[in-house]
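When a residue number appears, it is its place in the shown sequence, counting from 1.
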Amino acid sequence: MINQSSVTTFILVGFSEYPHLEPPLFLMIMAVYTVTLVGNAGIIVVRRINPKLHTPMYFFLGHLSFLDICYSSVFTPKLLEILVVEQRTISLKGCMAQFFFGCACVITEMFMLAVMAYDRFVAVCNPLLYTVAISHKLCAFLVAGSYMWGGLCAVILTYTLSELSYCGSGIIDHFGCEYSAIISVSCSDSSFSQMACLVISILSEGTSLLITMASYVFIVITIIKMPAKGGLQKAFSTCTSHLTAISIFHGIILLLYCVPNANSSRLLVKVATVLYTVLIPMLNPLIYSLRNKDVKETVKRLISSKLQSHSI
């Protein structure tokens with residue numbers, strides 16, 4: 001039996017099969033990553049500055065922005081590196097660390113979006129009891145629970161991967177340490193790890209989707225029953241942005257891990273992974289902030305105060 005230490009470094013293939021695409025990909029991903037960092041950091045800063053945004057929804061949104069910064073920063077810097085350098089390697093420990101943090105952020109964000117769906121359910125269906133039902137303690141409990149579950153799942157899956165043996169060429173046909181890509185270079189029985197991944201994926205995806213769908217079913221029923229047209233439009237507008245973010249996030253996750261034979265195309269896996277590691281973290285602040293008057297007003301005040309301070 002080959003020892004696990006037989007391979008200590010992996011080679012990341014990335015998009016090296018398409019060398020003519022690498023320079024434009026680098027520029028595009030660098031631009032998207034910059035917007036991601038600025039946009040999500042901006043949401044966190046704006047929430048702290050504007051007292052109107054000291055609400056449960058923006059408390060959850062602040063944590064979602066933090067997760068987007070962390071998650072994007074787990075994969076994007078390495079992706080940018082392998083697009084410009086010849087030596088596209090990552091150590092075994094570095095690979096496991098990248099997988100752990102990426103997995104923890106994805107599962108935590110999955111439940112953070114479910115928590116935000118529940119928050120919208122209470123806001124629309126029980127507006128008069130909103131401040132009582134969504135208390136500061138409950139907000140802290142829901143956020144802490146999301147982080148703890150994401151961390152626990154990541155620990156379990158990373159442990160199952162670390163127990164496998166890796167040998168041969170050590171070539172990972174991906175730009176990062178995604179689960180199926182790591183499994184593909186293992187030379188030992190990975191059935192237990194794959195079973196653990198399947199159980200955690202079904203449990204996490206199923207639970208978060210069930211909470212989200214149940215919340216929106218009740219929201220739609222409540223909106224339909226609203227007699228006033230203005231009330232209907234207002235209630236619908238509070239949920240549209242969140243539903244958009246959820247649809248994009250879960251749609252890509254389901255395509256990657258729940259559609260049969262989706263992993264048979266490595267290019268499809270790479271493109272889908274780019275979408276949910278690079279594009280989604282950029283879209284979330286745009287989806288939420290562009291539809292909110294208070295956020296836009298705070299940003300305008302910040303920009304105008306900075307311009308005035310520079311002009312003095």
Side-chain angles (χ1 to χ4, degrees), residues 7-37 40 67-107 109-110 154 157-158 161-162 164 166 168-186 190 193-194 197 201 248-249 251-257 259 261-284:
V7 170
T8 57
T9 303
F10 294 123
I11 300 169
L12 299 172
V13 173
F15 294 95
S16 57
E17 310 103 307
Y18 311 96
H20 59 287
L21 291 177
E22 288 185 330
L25 266 176
F26 176 85
L27 294 174
M28 182 184 72
I29 292 170
M30 175 63 84
V32 171
Y33 183 52
T34 303
V35 173
T36 298
L37 295 180
N40 284 290
L67 286 168
D68 282 335
I69 290 172
C70 293
Y71 186 53
S72 183
S73 298
V74 168
F75 284 98
T76 309
K78 192 65 182 179
L79 172 56
L80 291 171
E81 179 190 327
I82 66 173
L83 284 172
V84 294
V85 300
E86 290 294 326
Q87 194 173 4
R88 310 168 188 218
T89 60
I90 186 170
S91 67
L92 178 59
K93 289 182 179 179
C95 189
M96 292 300 158
Q98 188 184 63
F99 173 78
F100 170 79
F101 288 110
C103 179
C105 288
V106 167
I107 296 176
E109 181 158 334
M110 201 179 285
L157 291 179
T158 306
L161 288 174
S162 67
L164 299 178
Y166 301 95
S169 60
I171 296 175
I172 293 180
D173 191 7
H174 208 289
F175 61 82
C177 294
E178 186 263 343
Y179 183 81
S180 62
I182 299 174
I183 286 291
S184 68
V185 294
S186 170
S190 61
S193 179
Q194 291 187 58
C197 181
S201 298
I248 297 170
F249 181 82
I252 295 173
I253 295 290
L254 288 169
L255 173 67
L256 265 179
Y257 298 105
V259 175
N261 301 319
N263 284 329
S264 60
S265 170
R266 297 311 304 173
L267 180 60
L268 174 64
V269 173
K270 291 177 192 177
V271 172
T273 308
V274 166
L275 288 176
Y276 82 80
T277 58
V278 179
L279 194 62
I280 289 179
M282 180 198 72
L283 289 177
N284 280 340

### Query
Side-chain contact, heavy-atom cut-off 4.5 Å: Ile69 with Leu37?
yes

### Summary
Ser190 meets the side chain to side chain donor-acceptor pair (under 3.5 Å) criterion, sequence neighbours left out, with Gln194

### Message
So does Pro281 get a backbone contact from the side chain of Asn40, meaning a donor-acceptor N/O pair under 3.5 Å?
### Response
yes

### Student check: side-chain heavy atoms of Leu161 and Tyr179 closer than 4.5 Å
yes

#### Entry: Side chain proximity check, Asp173 to Ser184, heavy atoms < 4.5 angstrom
no

Pairs of donor and acceptor atoms involving the side chains of residues 12-21, under 3.5 Å and at least two apart or interchain, shall be tabulated with distances.
{"residue": "Ser16", "atom": "OG", "partner": "Val13", "partner atom": "O", "Å": "2.9"}
{"residue": "Glu17", "atom": "OE1", "partner": "Lys270", "partner atom": "NZ", "Å": "3.4"}
{"residue": "Glu17", "atom": "OE2", "partner": "Lys270", "partner atom": "NZ", "Å": "3.0"}

### Query
For Ser186, which residues count as a side-chain contact (heavy atoms from CB on, under 4.5 Å) partner, sequence neighbours excluded?
Leu164, Tyr166, Ser188

### Task
Can you run down the side chain to side chain donor-acceptor pair (under 3.5 Å) pairs that involve residues 82-106, sequence neighbours left out, and say none if there aren't any?
Glu22-Arg88

### Task
With sequence neighbours left out, write down each residue that passes side-chain contact (heavy atoms from CB on, under 4.5 Å) with Phe26, or none if nothing qualifies.
Met30, Leu80, Leu83, Val84

### Message
If the condition is side chain to side chain donor-acceptor pair (under 3.5 Å), which residues does Ser72 pass it with, not counting sequence neighbours?
### Response
Thr76

### Atom pair CG/CD1 of Leu157 and Ile107 - distance to nearest 0.5 Å
6.0 Å

### Message
Assess the residue pair Val278 and Tyr33 against the criterion (side-chain contact (heavy atoms from CB on, under 4.5 Å)); give the C-alpha distance rounded to whole Å, side-chain angles, the decisive distance to 0.1 Å, and a yes or no.
### Response
CA-CA 7 Å; Val278 179; Tyr33 183 52; 5.6 Å; no

### Test side-chain contact (heavy atoms from CB on, under 4.5 Å) applied to Ile280 and Leu275, step by step
CA-CA 6 Å; Ile280 289 179; Leu275 288 176; 5.7 Å; no

### Task
Can you run down the salt bridge (Lys or Arg N to Asp or Glu O under 4.0 Å) pairs that involve residues 95-105, sequence neighbours left out, and say none if there aren't any?
none

### Residues in disulfide (SG to SG under 2.5 Å) contact with Cys95, at least two apart in sequence or another chain
Cys177

### Task
Go through the steps to decide whether Phe175 and Thr277 satisfy the test side-chain contact (heavy atoms from CB on, under 4.5 Å), and finish with yes or no.
CA-CA 11 Å; Phe175 61 82; Thr277 58; 4.2 Å; yes

#### Entry: Which residues share a side-chain contact (heavy atoms from CB on, under 4.5 Å) with Cys105, sequence neighbours left out
Cys70, Tyr71

### Query
Which pairs, with at least one residue in residues 271-283 and sequence neighbours excluded, count as a salt bridge (Lys or Arg N to Asp or Glu O under 4.0 Å)?
none

